[in-house]
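What follows is one structure encoded as structure tokens, with my remarks underneath.
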Amino acid sequence: MTDFPVTIFHNPDCGTSRNALAMIKAAGYAPTIIDYQRTGWTHTQLAALFAAIDATPRDMLRERIHLAFAEGMDAVILNAMVDHPILVNRPIVVTPRGTRLCRPSECVLDLLDRQPGHFVKEDGEIIR
């Protein structure tokens, strides 16, 4: 066990999620990686993550899906997220410094206690 645990709720098909994970590893961490599409979500788990972020289910709904639920209630959205994990915006990263939706991916750096010296995102953008 590390003295600074890092957990990422990850979608390997998402470039933002891949970049956040790569930055975490470049900073020298061996994070716990949860592929939420394979493991799924529970109501309790999502509610706890959203509370830690100070967000509602509507806040965490993927932007492309958001309009379909524009008038939806949070409970309906949360149920849909449990049934269809891809609806949750990602990546969500949890460290002792907090829990955050890391969009853009460099937001993950605020949650780490050490930084990668140099990092280049998949699209070529340099992060310092």
Side-chain angles (χ1 to χ4, degrees):
M1 175 142 206
T2 179
D3 58 341
F4 196 88
V6 177
T7 301
I8 182 170
F9 293 86
H10 177 62
N11 176 352
D13 295 327
C14 171
T16 302
S17 195
R18 288 191 306 269
N19 279 318
L21 177 59
M23 282 186 240
I24 292 166
K25 289 181 175 181
Y29 295 96
T32 299
I33 302 167
I34 299 173
D35 182 344
Y36 63 86
Q37 289 191 94
R38 294 181 71 191
T39 62
W41 299 106
T42 67
H43 287 87
T44 303
Q45 179 184 40
L46 283 176
L49 286 170
F50 297 169
I53 297 170
D54 193 27
T56 66
R58 182 184 311 269
D59 295 334
M60 294 300 295
L61 190 61
R62 289 187 62 201
E63 289 178 22
R64 293 183 187 147
I65 309 296
H66 198 279
L67 293 177
F69 289 96
E71 299 302 319
M73 298 182 327
D74 284 343
V76 172
I77 295 170
L78 192 62
N79 287 335
M81 290 172 159
V82 169
D83 291 341
H84 306 283
I86 194 66
L87 295 177
V88 178
N89 210 346
R90 76 282 175 174
I92 298 171
V93 178
V94 180
T95 78
R97 287 195 172 176
T99 302
R100 187 167 182 182
L101 170 64
C102 291
R103 268 191 116 61
S105 55
E106 52 271 20
C107 292
V108 73
L109 299 174
D110 295 336
L111 295 173
L112 305 177
D113 68 347
R114 63 180 177 263
Q115 306 292 306
H118 177 80
F119 186 81
V120 180
K121 291 170 66 171
E122 287 181 3
D123 66 1
E125 181 183 352
I126 297 172
I127 304 298
R128 298 191 192 273

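Since the model is a prediction, treat every value here as computed from it, not as a measurement.
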Nearest-0.5 Å distance, NZ of residue K25 to CD1 of residue I8:
9.5 Å
For L101 and I53, the nearest pair of non-hydrogen atoms, with its separation, is N-CD1, 4.0 Å
Any M60 side-chain heavy atom under 4.5 Å of I92 side chain:
yes
side-chain hydrogen bond (donor to acceptor under 3.5 Å, both in side chains) pairs touching residues 10-22, sequence neighbours excluded, are H10-S17, N11-Q37, T16-R103, R18-E122
State, to 0.1 Å, how close P85 and G40 come at their nearest heavy-atom pair, and which atoms those are.
CG-CA, 4.1 Å
Determine whether a donor-acceptor pair (N or O, by modelled atom type, separation under 3.5 Å) exists between the side chain of D59 and the backbone of T56.
yes
Interatomic spacing from CZ in F4 to CZ in R97 - rounded to 0.5 Å
5.5 Å
Keeping to residues at least two apart or across chains, list the ring-ring contact (aromatic ring centres under 6.0 Å, His included) pairs with something in residues 30-60.
F9-W41, Y36-W41
Counting only heavy atoms not in D83 (residues, nucleotides, ligands), do more than 12 fall under 6.0 Å from its CG?
yes
For residues T42 and V82, determine if any side-chain heavy atom of one lies less than 4.5 Å from a side-chain heavy atom of the other.
no
Determine all donor-acceptor pairs shorter than 3.5 Å in which one atom belongs to a side chain in residues 105-112; sequence neighbours excluded.
unit_1: E106; atom_1: OE1; unit_2: K121; atom_2: NZ; d: 2.9
unit_1: D110; atom_1: OD2; unit_2: R100; atom_2: NH1; d: 2.9

Just wondering, do L46 and P57 contact through their side chains at under 4.5 Å, heavy atoms?
no
Residue pair P5 / T32, side-chain heavy-atom distance below 4.5 Å
no
Between atom SG of C14 and atom CG of N89, what is the distance when rounded to the nearest 0.5 Å?
8.0 Å
